[in-house]
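Keep in mind it's a predicted model, so treat the numbers as computed, not measured. Side-chain atoms are counted along with the backbone in the values below, which use heavy atoms only and exclude waters and symmetry mates.
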Amino acid sequence: MARTDLASVGEVRCALREFLRYRWKEEPARVAELLLSELVTNALIHTRHGAVVTASVAPARLRVEVRDFMPGLPLSYVPDADDGTHGRGLLLVRSLADAWGVGAHALGKVVWFELDGEMS
């Protein structure tokens with residue numbers, strides 16, 4: 001993805017949708033798209049150095065990873081009611097994913113989520 005090119009968020013969602021089209025049921029695929037767009041948007045806005053997305057499907061689990069190239073783990077943030085939509089991405093991931101986490105790498109970090117479900 002291009003550096004801070006937020007138009008690429010839609011492109012990545014479309015790519016995930018196509019990847020999952022015949023592999024995963026529709027409802028969890030929609031949730032995956034939403035969570036992916038939150039993580040990619042965070043990576044593009046907060047790191048300004050682009051991101052790499054990886055998705056893998058197992059018989060009962062989908063795993064999506066978004067890797068950026070900036071050191072430091074994301075800070076936990078609880079938005080105020082007056083914040084509009086700012087700061088709710090990781091809250092969505094936390095509430096909708098069956099599992100999620102962050103892993104530090106020598107260059108950057110990976111934020112990931114997993115969804116349980118059935119393949120199509």
- Message: So, taking the atom named CD in Glu33 and the one named CD in Glu38, what distance separates them when rounded to the nearest 0.5 Å?
- Response: 12.5 Å
- Message: Using the side chain to side chain contact (heavy atoms under 4.5 Å, CB included) criterion, which residues pair with Glu18? Sequence neighbours excluded.
- Response: Arg21
- Message: Quick check for you: to the nearest 0.5 Å, what is the distance between Ser95 atom OG and Trp100 atom CH2?
- Response: 10.5 Å
- Message: Can you list everything that forms a salt bridge (Lys or Arg N to Asp or Glu O under 4.0 Å) with Asp98? Sequence neighbours excluded, please.
- Response: none
- Using side-chain hydrogen bond (donor to acceptor under 3.5 Å, both in side chains) as the criterion, list what pairs up with Thr41, not counting sequence neighbours. none
- Message: Taking Leu44 as the starting point, is it possible to reach Val102 by hopping between hydrophobic residues whose side chains are less than 4.5 Å apart?
- Response: yes
- Would you mind listing every salt bridge (Lys or Arg N to Asp or Glu O under 4.0 Å) that reaches into residues 49-60, with sequence neighbours excluded? none
- Test side chain to side chain contact (heavy atoms under 4.5 Å, CB included) applied to Leu36 and Val53, Val93, Val9, the passing residue: Val53
- Query: Given the rule that I, L, V, M, F, W and Y join up when any side-chain heavy atoms are under 4.5 Å apart, are Leu90 and Met70 in one cluster?
  - Reply: no
- Note on the structure: Rounded to the nearest 0.5 Å, the CZ atom of Arg13 sits from the CZ atom of Arg17 at a distance of 6.5 Å
- About how many Å separate CG of Leu107 and CZ of Arg67, when rounded to the nearest 0.5 Å? 6.0 Å
- Residue set satisfying side chain to side chain contact (heavy atoms under 4.5 Å, CB included) with Ala32, at least two apart, ordered chain then number -> Leu16, Leu20, Leu62, Phe113, Leu115
- Single-linkage hydrophobic cluster Val57~Leu39, side-chain heavy atoms < 4.5 angstrom: yes
- Given the rule that I, L, V, M, F, W and Y join up when any side-chain heavy atoms are under 4.5 Å apart, are Val66 and Val12 in one cluster? yes
- Query: Is there a path of hydrophobic side-chain contacts, each under 4.5 Å between heavy atoms of I, L, V, M, F, W or Y residues, that connects Val111 with Leu96?
  - Reply: yes
- Message: Before you tell me yes or no, could you show the steps for Phe69 and Val52 under side chain to side chain contact (heavy atoms under 4.5 Å, CB included), namely the whole-Å CA-CA distance, both residues' side-chain angles and the distance that decides it to 0.1 Å?
- Response: CA-CA 9 Å; Phe69 302 97; Val52 174; 3.7 Å; yes
- Tell me, please, which residues at least two apart from Arg63 pass salt bridge (Lys or Arg N to Asp or Glu O under 4.0 Å). Glu65, Glu114
